[in-house]
Amino acid sequence: MSDQNSWCFVCGEENPIGLHLTFSEENETYISTFTPGPEHQSYNGVLHGGIISTLLDEIMARYLYAKGQTAVTAKLEVRFRAPTPIGQPLTIRGRIVGQKGSMYEMAGSIALADGTITAESKALIAIV
Ligand SMILES: CCCCCCCCCCCCCCCC(=O)SCCNC(=O)CCNC(=O)[C@H](O)C(C)(C)COP(=O)(O)OP(=O)(O)OC[C@H]1O[C@@H](n2cnc3c(N)ncnc32)[C@H](O)[C@@H]1OP(=O)(O)O
């Protein structure tokens with residue numbers, strides 16, 4: 001295991017059971033897409049809330065990592081607004097809301113192709 005970061009569950013290229021997400025930045029928003037499969041579900045056809053939280057955690061913390069910071073999540077809050085279906089492309093977005101010292105306040109969301117927001121998040125991300 002030459003590069004431990006390449007085993008990140010969400011973005012690590014080498015993780016055989018990882019989600020293998022890739023990312024881009026647009027208008028000060030960090031963006032990724034993911035189409036969950038049946039292996040990611042909770043109830044039949046519905047994406048597991050833990051995976052939803054994982055996607056949101058990643059998009060917010062990794063945005064700061066991409067900006068050159070070593071960032072870890074200190075606090076994560078998720079609002080599950082509607083069931084998130086499997087088998088459809090999801091757009092995951094993260095942005096910076098504010099900063100107090102070494103703590104960043106972040107926001108995230110997951111949207112369906114028609115723009116419906118199924119989950120929203122807030123996080124405090126610590127720079128270490
Ligand atoms: C080139 C391509 C390669 C790509 C390859 C990339 C791979 C790379 C991927 C990166 C993307 C990863 C995305 C996932 C992100 C995770 O999943 S990170 C893993 C989960 N998180 C953790 O493990 C963090 C564990 N916690 C900690 O390490 C420490 O508690 C912290 C957060 C650093 C804070 O520790 P600390 O600096 O010692 O601060 P502490 O003394 O506890 O608190 C100081 C003050 O900060 C504030 N504070 C601290 N914690 C909190 C909190 N939870 N809530 C509110 N206030 C707080 C308070 O004001 C506190 O004061 P008091 O209220 O205690 O008086």
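Atoms within each ligand, like the ligands themselves, are counted from 1 in listed order. Sequential numbering from 1 along the given sequence is applied to the chain's residues.
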Is there a donor-acceptor pair under 3.5 Å between the side chain of Ser32 and the backbone N or O of Thr22?
yes
Just which atoms of ligand 1 are under 4.0 Å from any heavy atom in Tyr65?
6 (C), 8 (C)
Where do Lys100 and Glu105 land on the salt bridge (Lys or Arg N to Asp or Glu O under 4.0 Å) test, with the steps shown first?
CA-CA 8 Å; Lys100 265 190 197 162; Glu105 189 185 346; over 6 Å; no
Please tell me if the side chains of Val46 and Thr84 come closer than 4.5 Å, counting only heavy atoms from C-beta onward.
no
Regarding ligand 1, does Asn5 bring an N or O atom to under 3.5 Å of one of the ligand's N or O atoms?
no
Closest to atom 47 (C) of ligand 1 by heavy-atom distance, out of Met103, Glu105, Lys75, is Met103
Would you say Arg62 has any N or O atom under 3.5 Å from an N or O of ligand 1, going by distance alone?
no
Check the pair Ile110, Ile52 against side chain to side chain contact (heavy atoms under 4.5 Å, CB included), reporting the backbone distance first and the verdict last.
CA-CA 8 Å; Ile110 292 181; Ile52 292 170; 3.8 Å; yes
Proximity winner for atom 32 (C) of ligand 1, if only heavy atoms of Ala61, Ala74, Cys8, Gly12 are counted
Ala74
Output the list of atoms in ligand 1 that are nearer than 4.0 Å to some heavy atom of Asp57, sorted by atom number.
14 (C), 15 (C), 16 (C), 17 (O)
Measure centre to centre between the rings of Phe34 and His40, then say whether the value is under 6.0 Å.
yes
Would you kindly specify which portion of Leu124 sits under 4.0 Å from ligand 1, judged on non-hydrogen atoms: side chain, backbone, both or neither?
side chain
For Val128, the ligand 1 atoms whose distance to one of its heavy atoms is below 4.0 Å:
33 (C)
Verify the distance criterion only: is there a donor paired with an acceptor across the side chains of Asp114 and Thr116 at less than 3.5 Å?
yes
